[in-house]
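As structure tokens, the structure follows; a few thoughts come after it.
Just so it is clear, the values below take in all heavy atoms, side chains as well, and ignore hydrogens, waters and symmetry mates.
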Amino acid sequence: MKKMARAVSTVAMGALVLGSYVSGAESGQLTATAADLPASMQQNPSGVMDKVNRNNGDRGRGNDDGNPGHGDGDNRHGGKHDRWNDVEAENIILMVGDGMGTAQRNAIRLAYVGLTGELAMDSMPHAGRAHTNSADPKTFVTDSAAAATAMASGIKTYNGAIGMNLEREPVTTVLEVAEDMGMSTGLVTTSQVTDATPAAFGSHVLDRDAQSKIAKQYLTSSHPEVILGGGEDYWYPEGNPGKHQDNPPADPTEQSKGTEGNLVELAQQQGYEYVWDREGLQEADGGKLLGLFANEEMFQYGEKVEEVYEPTVPLTEMTSTALDILSDGPASSDEGFFLMVEEEGTDAMSHVNDAALTIKSGIEFDKSVALAKDFAQRDGETLVIVVGDHQTGGMTIEALDDPEAPDESGDGLSAEDGPISVAGSDQQFMVDWTTGGHAAIDVSLTAMGPGASLLTGVFENTHIHDVMLQVLRGDEDSDDDDDEDDD
């Protein structure tokens, strides 16, 4: 283990946000100095480090069995020799099934491996459950931006916020911490690479819709070595279609709309190899890689287009390439890597209440989880976390219609969906939907590797950030903790 390189001081971490401080609603510029930051951030840039470093606290830090504390402040799970100070991971792979609640996981399992089968994402030694509520003053039902900011930065915030707290100040992300520690980092998604979930790990904007500003911050502030997914439209200005046709037949509304100039050209100037199709990804050999494989998401969905989940580059291949580059490529680091992988189809297809395509995208996600698990099992020093950011669609699984108990949900968007066959069985099931939006339901989490036992039980989604940060930093605070206890 590389303790010396891992000893990141609060002062060093404070430098992370200097290039990300956003002073106004339209700001995407990197112009702040330390004096520009709020006093609280000058001392503690993320606003969460003291929460992680304290001996015991409102949430506790876990007991010797690896169980996290949960918020009543009685220190019932505390103790200076708890597991928080005993684990360190060389690498972290965070796998996010967007919109993937427990019902989605179960539907994927039934359709893919059957009643007695087990998904790769479920066959992991540690399991927990995360609350997903945001701190939005209008509704506690989270969106992906607030949920991802909670996991990336350890704070609850308003819906639409990307790496910003309720005071609209930037909060340091775990990806930025990893980069500052000399680690390699990557963002992989089937959505736009600048969509809410990846954006919250590598940028700071007041509104998730500022996707070109998000892209520019990847290049000028957070610097992930691998960026793979869709969303080329936000990297080229209007009138420059890039490598993907403007106004394609599948969705004529798609066209370049970037607001920050030619960002692909800027990326190439910074040493990124740019690829835009499957062949290019397979042949990529650069140290830093930018791959944009679609105008918008890497699939089609919505009211005016036919729903299709057929990414030109499968999530499995993007995941495999990212793992290869970050672990053993020119961009790899002796200090390890942080990789976030997202499947967006589980959310998008749940929004339009399409059970078959929700399951199809979920199966691709599970295959990608299997790749991450295989890497972690061979490596032995990698924490893998699989979680949904929230639940979409209010999905439930039901038996086939009984004539005496017909579909109670009626017609239209939220009507029953199916039947869907159970793998390895002659049985079938129906999916029922209650909404085309998000639901305030806890999400399942599974994990393996160093620190995974700290993710058991029931906790806020901010706890995911706290655990990732602590296993990256290892036991650097243990001596300080001992000194405080001896006072």
Run the side-chain contact (heavy atoms from CB on, under 4.5 Å) check on Phe337 and Thr185 step by step: do they pass?
CA-CA 5 Å; Phe337 66 83; Thr185 64; over 6 Å; no
Give a yes or no on whether a salt bridge exists between Lys360 and Glu310, defined as a side-chain N under 4.0 angstrom from a carboxylate O.
yes
What I want to check is whether the side chains of Glu176 and His223 have a donor and an acceptor closer together than 3.5 Å.
no
Only distances under 3.5 Å count here; give the side-chain donor-acceptor pairs of residues 98-116 to other protein atoms, sequence neighbours excluded, each with its distance to 0.1 Å.
from: Asp98; atom 1: OD1; to: Ser144; atom 2: OG; distance (Å): 3.3
from: Asp98; atom 1: OD1; to: His390; atom 2: NE2; distance (Å): 3.3
from: Asp98; atom 1: OD2; to: Ser144; atom 2: OG; distance (Å): 3.3
from: Asp98; atom 1: OD2; to: Thr197; atom 2: OG1; distance (Å): 3.2
from: Thr102; atom 1: OG1; to: Ser444; atom 2: OG; distance (Å): 2.8
from: Gln104; atom 1: OE1; to: Gly101; atom 2: N; distance (Å): 3.1
from: Gln104; atom 1: OE1; to: Gln391; atom 2: NE2; distance (Å): 3.4
from: Gln104; atom 1: NE2; to: Gly99; atom 2: O; distance (Å): 3.4
from: Gln104; atom 1: NE2; to: Ser350; atom 2: OG; distance (Å): 3.1
from: Gln104; atom 1: NE2; to: Thr392; atom 2: O; distance (Å): 2.8
from: Arg105; atom 1: NE; to: Asp122; atom 2: OD1; distance (Å): 3.3
from: Arg105; atom 1: NH1; to: Ser444; atom 2: O; distance (Å): 3.2
from: Arg105; atom 1: NH2; to: Met121; atom 2: O; distance (Å): 3.0
from: Arg105; atom 1: NH2; to: Asp122; atom 2: OD1; distance (Å): 3.0
from: Arg105; atom 1: NH2; to: Thr446; atom 2: OG1; distance (Å): 3.0
from: Asn106; atom 1: ND2; to: Thr102; atom 2: O; distance (Å): 3.4
from: Arg109; atom 1: NH1; to: Leu115; atom 2: O; distance (Å): 3.4

My understanding is that only residues two or more places apart in sequence, or in another chain, count here; which of them pass side-chain hydrogen bond (donor to acceptor under 3.5 Å, both in side chains) with Thr139?
none
Can you list the residues that meet the ring-ring contact (aromatic ring centres under 6.0 Å, His included) rule with Phe429, with sequence neighbours excluded?
none
Mind checking the CG-CG spacing from Leu383 to Leu472? Nearest 0.5 Å is all I need.
8.5 Å
Test ring-ring contact (aromatic ring centres under 6.0 Å, His included) applied to Phe365 - qualifying residues, sequence neighbours left out
none
With sequence neighbours excluded, residues passing ring-ring contact (aromatic ring centres under 6.0 Å, His included) with Tyr158:
none
Hey, does the side chain of Asn159 reach the backbone of Ala146 with a donor-acceptor pair shorter than 3.5 angstrom?
no
Given side chains that start at C-beta, do those of Lys288 and Glu273 come closer than 4.5 Å, heavy atoms only?
no
Under the side-chain contact (heavy atoms from CB on, under 4.5 Å) criterion, do Asp277 and Thr312 qualify, and how do the steps go?
CA-CA 7 Å; Asp277 59 16; Thr312 57; over 6 Å; no
Evaluate the ring-ring contact (aromatic ring centres under 6.0 Å, His included) criterion for residues Tyr234 and Tyr218: first the C-alpha distance (whole Å), next the side-chain angles of each, then the deciding distance (0.1 Å), finally the verdict.
CA-CA 13 Å; Tyr234 300 95; Tyr218 289 164; over 10 Å; no
Of all heavy-atom pairs linking Gln192 and Gly231, the shortest is CG-CA, 3.6 Å
Closest non-hydrogen atoms of Ala148 and Ala196, given as atom of the first, atom of the second and distance, are CB-O, 4.0 Å
Met183 to Ser333 - nearest heavy-atom pair and separation
CA-OG, 4.0 Å
Find the distance between CG (Leu315) and CE (Met318) and round it off to the nearest 0.5 Å.
5.0 Å
Applying ring-ring contact (aromatic ring centres under 6.0 Å, His included), can you list everything that pairs with Phe338, at least two apart in sequence or on another chain?
Phe201
Hey, are Gln300 and Glu306 close enough side-chain-wise for a donor-acceptor pair under 3.5 Å?
no
If we count only N and O atoms by modelled type, under 3.5 Å, do the side chains of Glu343 and Thr190 hold a donor and an acceptor together?
yes
Pro198 side chain near Thr189 side chain, heavy-atom distance below 4.5 Å:
yes
Taking the side chain as C-beta and beyond, is there a heavy-atom pair between Leu454 and Val87 under 4.5 Å?
yes
Looking only at non-hydrogen atoms, find the nearest pair between Ile162 and Ser203 and report the distance.
CG2-OG, 3.3 Å
Strictly below 4.0 Å, N to O, side chains only: are Glu460 and Lys156 in salt-bridge contact?
yes
Does the side chain of Tyr309 pick up a donor-acceptor pair with the side chain of Glu297 at under 3.5 Å?
no
Within this structure, what is the CE-CG distance for the pair Met164 and Leu166, rounded to the nearest 0.5 Å?
11.0 Å
Between Lys373 and Ser123, is any pair of side-chain heavy atoms under 4.5 Å apart?
yes
Answer whether the closest heavy-atom distance between the side chains of His131 and Val458 falls below 4.5 Å.
yes
Heavy-atom side-chain contact between Phe459 and Arg129 under 4.5 Å
no
What pair of heavy atoms forms the shortest contact from Asp389 to Ala147, and how long is it?
O-CB, 3.4 Å
Quick one: does Thr358's side chain get under 4.5 Å of Met395's, heavy atoms only?
yes
Under 3.5 Å, is there a donor on one side chain and an acceptor on the other for Asn461 and Thr132?
no
Tell me yes or no: between the side chains of Asn295 and His244, is some donor less than 3.5 Å from an acceptor?
no
Quick one: do the Thr253 and Asp251 side chains pair a donor with an acceptor below 3.5 Å?
yes
